[in-house]
Asker: 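Mind having a look at this structure? Questions to follow.
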Number of protein chains: 2
Amino acid sequence: MANIKDIARVAGVSVATVSRALSTPSMVRPTTIERIEAAIADLNYQPNHMAAGLRRQRSDNVLVVVPSIYNPFTSAFVEGIENVARTSRMRVLLGITEGDRDALNTYTAMIAGKQADGMILLESNLPDILINPPAKGTLPPIVSACEYPLDHALPRVKIDNHEASALVVSHLAGLGHRRIAAVTGPIDLVMSQDRLAGYRLGLARAGIEFDPQLVHEGDFTLQSGYDAMVRLLDAGTPFTAVACSNDEMALGAMSALRARGLSVPDDVSVAGFDDLRFGAYASPPLTTVHSPTVEIGEAAMRLMLDALLPADRQPPAREVILPHRLIVRESTARVPARVVAGT
Amino acid sequence: MANIKDIARVAGVSVATVSRALSTPSMVRPTTIERIEAAIADLNYQPNHMAAGLRRQRSDNVLVVVPSIYNPFTSAFVEGIENVARTSRMRVLLGITEGDRDALNTYTAMIAGKQADGMILLESNLPDILINPPAKGTLPPIVSACEYPLDHALPRVKIDNHEASALVVSHLAGLGHRRIAAVTGPIDLVMSQDRLAGYRLGLARAGIEFDPQLVHEGDFTLQSGYDAMVRLLDAGTPFTAVACSNDEMALGAMSALRARGLSVPDDVSVAGFDDLRFGAYASPPLTTVHSPTVEIGEAAMRLMLDALLPADRQPPAREVILPHRLIVRESTARVPARVVAGT
DNA sequence: TTGTAGGCGTTATCAT
DNA sequence: ATGATAACGCCTACAA
């Protein structure tokens with residue numbers, strides 16, 4: 001493979017000039033640039049990124065760390081990140097943890113090792129370096145998305161989970177529902193807590209008393225939504241609607257309802273959260289809150305670009321909150337005359 | 001950040017010894033290793049990956065190029081790749097093309113630029129370097145998945161789309177269906193052609209004549225499945241079952257059927273392809289062909305690791321074909337007495 | 001506007 | 001088992 005020296009020789013200039021022609025063309029005479037470009041085309045030259053990176057102390061890689069990418073929410077998020085990375089000569093390195101803390105720490109170490117310049121986290125766990133920040137030394141650039149550490153001032157992007165959840169419950173209450181169940185995410189996640197709190201807020205606003213019997217915990221998967229609905233039905237506490245903390249669980253819950261011979265929304269209204277495309281094509285189409293997931297990824301990447309700016313030109317770490325909106329489809333309807341009591 | 005020289009100084013050895021302690025510990029006396037490790041812990045040393053890469057001419061990155069990652073099929077595939085990359089000290093660099101050929105060529109150039117050691121393609125387009133291979137010079141390591149170029153001997157992994165599609169049609173025919181429609185993927189894709197050919201094969205095996213009126217093209221999205229079903233219904237040609245070339249389109253088709261007040265499977269049987277999790281929780285649960293998508297990703301990454309081996313120890317490029325299986329759920333049933341004729 | 005040269009942090013070859 | 005040292009390919013003062 002040709003290198004910059006070969007180009008210099010063929011174009012009859014010095015390596016410095018070639019380098020400048022490539023990175024600061026304004027500093028090089030146009031005719032010289034032409035000669036250099038001819039040589040580059042001739043020798044099929046491609047700058048060695050590692051050599052440049054070593055010199056500049058920059059890898060131009062962002063590490064995106066997620067528990068798993070095999071679900072539509074995460075992949076929409078990553079798509080957003082890639083969208084803006086691409087326009088900034090940055091690349092995304094994928095890091096999957098499967099929830100493993102060690103893996104997360106290994107990924108964090110990649111920043112010190114110059115494999116990546118910074119890290120975007122869609123994770124509930126925090127790397128050790130944030131939990132026990134080293135006395136001296138600076139922290140690596142980290143942006144957190146959706147799930148955020150309560151006591152760290154990381155740049156972060158999310159939606160207003162609290163109000164969004166309340167919005168769903170208000171919609172249900174507006175339809176006449178009073179017995180509204182909830183299927184939450186893993187309750188140790190701040191995001192799940194926020195959505196649960198929003199559910200309670202919505203209840204309160206409608207003057208409905210909170211009944212702990214009506215809330216069941218899931219883990220954001222289809223199956224967990226199915227299981228939660230089965231538990232809800234078996235418990236026998238009457239309810240006419242259920243607000244699920246994401247669309248996957250809502251779809252799982254609808255599946256369980258169907259398996260029990262119950263109709264959505266005639267017997268039970270079901271609402272989700274996130275607005276996955278699959279929800280729109282479900283039978284019946286799912287009422288949900290639209291979460292601008294791709295945009296969340298884009299915003300996260302922009303925050304990362306900010307964090308990567310030279311220290312003097314760097315804006316302060318900030319929190320971006322993107323707008324949500326309720327999407328009413330056919331899985332929610334007016335409260336039925338008779339009430340489902342399970343089994 | 002400390003470097004190998006600092007470690008050498010603190011541990012009282014040469015840089016060469018430190019380097020060996022890290023990469024070939026067997027060549028270093030245990031007591032020396034201890035001293036070195038102490039120094040590493042002391043100074044919080046992290047080897048600079050770019051420097052090592054520059055020297056070894058290896059980035060340890062695989063570039064995974066996909067049209068978009070925002071769909072369950074692709075993300076399952078990428079998850080598989082990451083699974084095995086992680087256990088081989090390799091990282092996956094994500095490249096999204098949105099179907100753009102230029103983007104694809106830009107990604108390919110990254111290999112020459114040492115940003116990645118090779119490329120795994122889940123793409124219908126081929127990079128120019130494969131279409132017009134340079135007379136001299138070797139081709140970069142490329143593995144292709146699912147969609148493959150007919151006239152190139154790239155290492156590749158796929159399933160037997162032909163037989164798998166035929167299997168679905170046989171299942172439908174076994175249920176008594178004779179008027180079986182098809183919703184295909186973009187017909188310029190080899191994979192779509194294979195699945196369509198399999199559909200015809202299944203028809204032939206059941207002694208059913210092929211009717212071009214019953215095949216409609218989609219683009220693998222939910223909406224395109226919906227639209228294809230609408231066209232099918234509006235065309236008025238009677239049919240009692242439809243075999244869709246992927247689950248997304250099948251789900252979209254079911255949604256259209258529902259919108260027209262038709263029941264699945266009472267009026268029309270619907271079958272998909274891929275076995276997305278969402279299919280299992282649809283109403284009704286979707287009959288489909290299981291495609292081992294995560295495993296396809298894993299196999300692709302293993303082929304890549306082979307291709308990255310030193311030339312002398314390199315196995316010949318091969319094609320891996322993974323097994324599929326039919327999954328019968330509730331969206332297919334015996335042919336109804338009356339036949340749906342559309343509108 | 002262009003050239004010279006030092007150094008980024010490793011690995012690997014060749015000695016010892 | 002260990003040490004000295006020359007690359008790897010580029011960028012960027014500094015000089016001209």
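Per chain, numbering begins at 1; letters A, B, ... match sequence-line order.
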Asker: Could you check which of D:dT2, D:dC10, D:dC14 has an atom nearest any side-chain atom of A:Ala51?
Answerer: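 For A:Ala51, the side-chain atoms sit closest to D:dC10.
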Asker: I'd like to know if A:Asp60 pairs up with A:Arg89 as an ion pair, taking the criterion as any Lys NZ or Arg NE/NH1/NH2 lying under 4.0 Å from an Asp or Glu carboxylate oxygen.
Answerer: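 A salt bridge is absent here (no side-chain N lies under 4.0 Å from a carboxylate O).
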Asker: Quick check against the 3.5 Å criterion: does B:Arg86 have a side-chain atom that pairs as donor or acceptor with the backbone of A:Ile96?
Answerer: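 Answer holds: yes.
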Asker: Nearest whole angstrom, please: distance from the P of D:dC10 to the CG of A:Asp60.
Answerer: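 Interatomic distance, CG of A:Asp60 to P of D:dC10: 15 Å.
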Asker: Counting any heavy atom closer than 4.0 Å, what does A:Ala16 reach on the DNA or RNA strands: base, sugar-phosphate only, or nothing?
Answerer: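 Base: the residue A:Ala16, judged by heavy atoms under 4.0 Å, touches a nucleobase.
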Asker: Could you tell me whether the side chain of B:Arg55 has a donor or acceptor atom within less than 3.5 Å of a complementary atom in the base of C:dA12?
Answerer: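 It does not, because no donor-acceptor pair links the side chain of B:Arg55 to the base of C:dA12 below 3.5 Å.
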Asker: Given atom CG of B:Leu54 and atom P of C:dT10, what is their separation to the nearest angstrom?
Answerer: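 After rounding, the reported distance stands at 12 Å.
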Asker: Please check the phosphate of C:dG9 (OP1 and OP2 only) for any side-chain N or O of B:Asn3 closer than 4.0 Å.
Answerer: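 Yes, because at least one side-chain N or O of B:Asn3 sits under 4.0 Å from OP1 or OP2 of C:dG9.
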Asker: Evaluate the criterion side chain to side chain donor-acceptor pair (under 3.5 Å) for residue pair B:Thr74 and B:Asn71; output intermediate values, then yes/no.
Answerer: CA-CA 6 Å; B:Thr74 311; B:Asn71 75 61; 3.1 Å; yes
Asker: Taking the side chain of B:Ile4 as its heavy atoms from C-beta onward, which of C:dT10, C:dC14, D:dG9 lies nearest to it?
Answerer: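 Comparing C:dT10, C:dC14, D:dG9 against the side chain of B:Ile4, the answer is C:dT10.
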Asker: Does the A:Glu319 side chain pair with the main chain of A:Arg156, one donor and one acceptor, at a distance under 3.5 Å?
Answerer: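 No; judged by distance alone, with no hydrogens or angles, the pair does not exist.
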Asker: Toward the 5' end of DNA chain D, which comes first, B:Arg29 or A:Ala2, by nearest nucleotide?
Answerer: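 Here B:Arg29 is the residue nearer the 5' end.
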Asker: Looking across every strand, which nucleic acid part, if any, lies under 4.0 Å from A:Thr17 by heavy atom: base, sugar-phosphate, or nothing?
Answerer: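 Sugar-phosphate contact only - A:Thr17 comes under 4.0 Å of backbone atoms but never of a base.
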Asker: Under 4.0 Å between any heavy atoms, over every strand shown, what does A:Thr32 touch: base, sugar-phosphate, or nothing? Just pick one.
Answerer: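 The answer is sugar-phosphate, as A:Thr32 gets under 4.0 Å only of primed atoms, P, OP1 or OP2.
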